[in-house]
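These numbers were taken from a predicted model, which means no experiment stands behind them.
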Protein chains: 2
Amino acid sequence: MDTATPPGLRERKKQRTRDALLRAALELFTTRGYDNTTVDEIAEAVDVSQRTFFRYFAGKEDVAFAAQDIAHTHFVEAVRQRPPHEAPLEALRNAVLESWDTIEEAIEQVVPLELYLRMCRLTESTPALLASHLRRTDEVFEETARIIAEREGLDVDTDPRPRVAVAVFGGVIRVTERRWGTDGDLSVTAIRALTASYLDAVGPLLTEKWRTG
Amino acid sequence: MDTATPPGLRERKKQRTRDALLRAALELFTTRGYDNTTVDEIAEAVDVSQRTFFRYFAGKEDVAFAAQDIAHTHFVEAVRQRPPHEAPLEALRNAVLESWDTIEEAIEQVVPLELYLRMCRLTESTPALLASHLRRTDEVFEETARIIAEREGLDVDTDPRPRVAVAVFGGVIRVTERRWGTDGDLSVTAIRALTASYLDAVGPLLTEKWRTG
DNA sequence: GAGGCTAATGACAGTCACTGACAATTGACA
DNA sequence: TGTCAATTGTCAGTGACTGTCATTAGCCTC
């Protein structure tokens, strides 16, 4: 698919502008806050016009999730790569845990990992960003459900199980995110451990009794 | 809490203005689409200034969810009223199914039920509204988790189970919504049945094998 | 390596959601 | 009836976007 032609000056320049805008935006968002940062300020920080910003990113929200999109892509890809013998929830579990490893490197190629992590935390505390984030993950889970359905040889629109399984999984991921975004330990190691322990809590939930009394 | 004093002319007028704005907004949203409706048009339809609109509703999104908020409130209340002997997921299940009954009447007091249902469908197909909706339900589920934790005598910040249980439940609700908002049958009866059947699918999901081969 | 083609940019004007400030109006109540 | 306070309209301003058009700057050919 990729054209073997090495990128010319034009392409390299575009890439640099995009990177600079992205980094400047995240830096400004995470220091001053999302709502307190204007698109003009981002553009000015990179010394381009506001109009140019909107040629690279569809909107202010878009640039905020540019790094997160990479993470989402990695997760979806990890789900696709899971061996067919794994049960659906097992495959999903392994996919998240595994993708957390490959994600670090991929993110670093665009923005410093620490900046991405700070952005995650900001997302949790900024209503507009949280809303957008939830919609984006909703889309990711829809795609995930289709993959799971295909794996199992089911029709996603007829059999409720693929979507329900992914929804259950997604619900747990959401709890993990919230906790991670609120807690002190903002590291990839921490979220890996948190994800694993929360996912393990699902099974017992449906059968065990909670109250000791 | 309520002042026994009957509402004067002033209060009645305010209520009428609010109702008119709400109804006009939903009517315009569901006919022309959310993005194709301006706040000015809503205000004009009720013959008040744009500024007045913003004195009744915090924003364009707010008015879109005014009816939905009633539904959310009813659900949370239903959870609170569940008898303590029910298991958490059992209580949640009964709460949704029960609240669907009381909701109809409550909604009708503000807007025609049919208008509310059309608005639900629009929410599913309008990105900005879907994002906002997901964030609002996220809040509802956070509150729900606290209620469940209290019921079970647990600390919501220490024990992961309340939040995980509600997240699992919430995930299934989301799938139900999506399906209902996409399908043909836009009735309360339909969503009740759908909710019940999808919730029943959770248990088997974790243990049963999907593939017959 | 000059010139034409096309993509990238900047400048500008306009729309729409929303907010603060101030003046005019209008119920409420003595 | 007159005063007080709440409601409203008007107006000006900000910030996120979008369309348009002229200018600039890589790229490619002859």
Which atoms of nucleotides 28-30 of chain D (N or O only) lie under 3.5 Å from a protein N or O atom, and what are those distances?
none

So does [X] get a side-chain nitrogen or oxygen closer than 4.0 Å to the phosphate oxygens (OP1/OP2) of [N]?
X	N	value
A:Thr52	C:dG10	yes
A:Lys13	D:dG26	yes
B:Lys60	C:dC18	no

[atom1] of [X] versus [atom2] of [N]: gap in Å, rounded?
X	N	atom1	atom2	answer
A:Arg12	D:dC27	CZ	C1'	13 Å
B:Arg18	D:dT8	CZ	P	13 Å
A:Arg32	D:dG15	CZ	P	12 Å
B:Tyr56	C:dT19	OH	P	17 Å
A:Asp35	C:dT19	CG	P	11 Å
B:Arg10	D:dA5	CZ	P	11 Å
B:Glu61	C:dA17	CD	C1'	11 Å
A:Phe54	D:dA16	CZ	P	7 Å

Every protein N/O lying under 3.5 Å from an N/O of nucleotides 21-23 of chain D:
none

(message) Could you check whether B:Thr102 and B:His74, counting side-chain N and O atoms only, form a donor-acceptor pair closer than 3.5 Å?
(response) yes
(message) Under a 3.5 Å threshold, yes or no: a donor from one side chain and an acceptor from the other, between A:Asn94 and A:Glu90?
(response) no
(request) Please report the shortest heavy-atom distance between A:Leu21 and A:Ile42, naming the atom on each side. (result)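 Closest approach of A:Leu21 to A:Ile42, heavy atoms only: O-CG2, 3.9 Å.
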Would you call [X] and [Y] a salt bridge, taking side-chain N to carboxylate O under 4.0 Å as the test?
X	Y	result
A:Asp200	A:Arg93	yes
A:Arg161	A:Glu152	no
A:Asp101	A:Arg192	yes
B:Arg118	B:Glu27	yes

(request) Just say parallel, tilted or perpendicular for the rings of A:Phe141 and A:Phe75, cut-offs at 30° and 60°. (result)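 The rings of A:Phe141 and A:Phe75 stand perpendicular, inter-plane angle above 60°.
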(request) Measure from the side chain of B:Ser49, starting at C-beta and using heavy atoms only, and say which of C:dT26, D:dG9, C:dA8 lies closest. (result)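 Closest nucleotide to the B:Ser49 side chain: D:dG9.
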(request) Looking only at side-chain atoms of B:Val48, point me to the closest of C:dC16, D:dG9, D:dC17. (result)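 The answer is D:dG9, which lies nearest to the side chain.
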(message) Given the structure, check if the side chain of B:Arg51 and the base of C:dG20 hold any donor-acceptor pair shorter than 3.5 Å.
(response) yes
(message) Taking salt bridge (charged side-chain N to carboxylate O under 4.0 Å, His left out) as the cut-off, I'd like each qualifying pair that reaches into residues 128-148 of chain A, sequence neighbours left out, listed once.
(response) A:Asp62-A:Arg136, A:Asp69-A:Arg136, A:Arg80-A:Glu143, A:Arg135-A:Glu139, A:Asp138-B:Arg174, A:Asp138-B:Arg178, A:Glu142-A:Arg146, A:Glu142-A:Arg163, A:Glu142-B:Arg178
